[in-house]
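Remarks on the structure that follows.
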Protein chains: 2
Amino acid sequence: MSTSTVPRPRRQYAKTAQRQAEIIEAATTVFASRGYHGGSLRDIARELDLSLTSLVHHFPTKIELLVAVLQHADSQATWLPGFGDEHGIQAATLKLWESNYEHPELLRLLAIVAAEASAPDHPAHAWFVHRYEQAVEAYSESIRRDQSRGRINPATDPTSAARLITATWDGLQLQWLLNPSKDLTSDFRNFLGQLLAP
Amino acid sequence: MSTSTVPRPRRQYAKTAQRQAEIIEAATTVFASRGYHGGSLRDIARELDLSLTSLVHHFPTKIELLVAVLQHADSQATWLPGFGDEHGIQAATLKLWESNYEHPELLRLLAIVAAEASAPDHPAHAWFVHRYEQAVEAYSESIRRDQSRGRINPATDPTSAARLITATWDGLQLQWLLNPSKDLTSDFRNFLGQLLAP
DNA sequence: GTCTATATTAGGATAGAC
DNA sequence: GTCTATCCTAATATAGAC
């Protein structure tokens with residue numbers, strides 16, 4: 001039973017697991033407000049009243065910490081195969097959209113690092129390319145399933161629609177992050193209703 | 001005749017203007033590949049075989065240089081009032097989209113800094129909030145104009161459509177930056193055709 | 001306008017004690 | 001696992017000569 005990627009190769013003690021979770025949470029906050037390059041390990045340690053050394057003990061390098069943060073972020077996301085099986089993808093997407101309002105820091109972090117990582121030499125480039133491919137693939141699959149059940153116009157190209165949903169999601173989210181006082185849910189709902197019409 | 005914002009209060013010599021243009025260009029490249037925080041003034045100076053001191057002579061602080069870069073970037077963009085007056089906004093938008101393929105570094109820079117600047121305490125926060133408000137406003141206006149000429153369904157909400165176009169544009173551009181081998185123009189064209197149908 | 005040299009601060013990372 | 005102390009590098013910025 002290997003846990004991979006996590007920097008602890010052997011047994012996990014309760015305290016360690018909790019500390020790592022705390023560190024990931026604090027790192028998310030710091031990276032989200034200043035970006036990956038702009039956020040420092042010292043800031044993260046200070047947020048926890050922890051020494052820098054102790055932090056580094058858990059995550060030996062900064063990039064390892066970032067990867068842990070990103071993976072944790074995606075472990076909470078749920079656009080997985082089977083997404084929206086019950087009430088259709090449209091309802092499931094809107095529900096997921098609304099749940100995202102609870103974690104603005106996380107959204108900001110993903111937006112910043114995704115843009116940073118679009119440069120081919122960024123340490124997280126491959127991770128984000130794969131992440132988007134996976135998201136588009138999962139969405140296409142769900143759209144096809146809804147089409148086979150007559151919920152969506154069969155003439156709609158699933159892959160293209162999946163790209164557009166992902167894109168519009170990202171773009172509206174950016175606008176919302178810039179100005180949270182404007183609720184863009186109805187815009188997104190109208191967009192989905194038009195794109196995924198029967 | 002005051003030139004505002006530009007750090008030279010008095011007369012502009014040809015050499016100075018050219019140097020500043022060169023610096024802005026190099027800064028665009030560097031910020032685009034490593035972000036605002038991640039890109040250093042040293043990198044920018046090195047790119048021009050210029051000393052750090054000379055660079056700072058032209059732009060005394062890093063943030064002033066960023067603002068100059070952003071303003072230069074937007075001086076090239078053209079979603080201004082009157083945009084697409086002749087052949088309608090849909091054609092003009094697609095044309096602008098295609099022209100953007102020529103400046104991937106600029107697009108990456110804007111994507112990174114826009115996300116970074118979504119945090120309220122970022123030095124460029126206000127600038128980006130205003131930039132998006134302006135873009136949405138200009139787009140709404142153009143949509144209304146096209147509606148009055150019967151080119152777009154009058155039931156379409158101009159402001160909502162403007163937000164969606166901006167959002168989808170940003171999102172598709174991010175996907176393209178991550179993986180430039182996939183051409184997303186047809187996706188964008190289909191989206192526009194559906195949203196701005198008569 | 002450009003340079004060399006330097007001040008100052010902050011970054012990631014390590015050594016070694018407890 | 002956590003700490004203090006430290007190393008080394010690189011960051012922005014300034015001083016002063018040419």
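This structure is a prediction, so every number in the text was calculated from the model and none was measured. Just so you know, these numbers use all the heavy atoms, side chains as well, and skip hydrogens, waters and symmetry mates. We name chains A, B, ... by the order of the sequence lines, and we start the count at 1 in each one.
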Return the value, rounded to whole Å, for the distance between atom [atom1] of [X] and atom [atom2] of [N].
X        : N       : atom1 : atom2 : value
Lys62(B) : dG11(C) : NZ    : C1'   : 13 Å
Arg46(A) : dG12(C) : CZ    : P     : 11 Å
Leu41(B) : dT2(C)  : CG    : P     : 16 Å
Leu52(B) : dA5(C)  : CG    : C1'   : 12 Å
Arg34(B) : dA10(D) : CZ    : P     : 13 Å
Gln18(A) : dG1(D)  : CD    : P     : 12 Å
His37(A) : dA10(C) : NE2   : P     : 19 Å
Leu48(B) : dT2(C)  : CG    : C1'   : 14 Å

Revision key, fill the gap. Ranking dT14(D), dT2(C), dT14(C) by distance to the side chain of Val56(A), first place goes to dT14(C)

Point to revise | Within 6.0 angstrom of Glu25(A) CD, more than 12 heavy atoms from elsewhere | key: no

Point to revise | Approximate separation, where rounding is to 0.5 Å, of His103(A) NE2 and Arg108(A) CZ | key: 14.0 Å

Closest heavy-atom pair and its distance - [X], [Y]:
X         : Y         : result
Gln175(A) : Arg163(B) : NE2-O, 3.2 Å
Arg131(B) : Asp74(B)  : NE-OD2, 2.9 Å
Ile44(B)  : Ile23(B)  : CG2-O, 4.2 Å

If only side-chain N and O atoms of [X] are considered, is one of them under 4.0 Å from the OP1 or OP2 phosphate oxygen of [N]?
X        : N       : value
His57(A) : dC3(D)  : no
Arg19(B) : dT2(C)  : yes
Ser40(A) : dA10(C) : no
Ser51(A) : dT2(D)  : no
Thr53(B) : dC3(C)  : no
Thr16(A) : dG1(D)  : yes

Review point. Dot-bracket for DNA chain D: what is it, with Watson-Crick or G-U pairs under 3.5 Å, [ ] where a pair crosses earlier ones, and | for a pair to another strand?
Key: |||||||.||||||||||

Point to revise | Criterion side-chain contact (heavy atoms from CB on, under 4.5 Å) on Trp127(A) and Val113(A), from CA distance to verdict | key: CA-CA 11 Å; Trp127(A) 194 88; Val113(A) 185; over 6 Å; no

Point to revise | Most 5' of Arg42(A) and Ser54(A) on DNA chain D, judged by nearest nucleotide | key: Ser54(A)

Exercise for review: With heavy atoms under 4.0 Å as the rule, sort Gly39(A) into base, sugar-phosphate or nothing.
Suggested key: sugar-phosphate

Review point. Which is true for Leu50(B) with a 4.0 Å heavy-atom rule: it touches a base, it touches only sugar-phosphate, or it touches nothing?
Key: sugar-phosphate

Check your understanding: Any link between Leu110(A) and Val136(A) through a network of hydrophobic side chains (Ile, Leu, Val, Met, Phe, Trp, Tyr) touching at under 4.5 Å?
Key ->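 No: no chain of side-chain contacts under 4.5 Å links Leu110(A) to Val136(A).
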
Exercise for review: Anything under 30° is parallel, anything over 60° is perpendicular, the rest tilted; go ahead and classify Tyr101(A) against Trp176(A).
Suggested key: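 It falls in the tilted class, 30° to 60°.
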
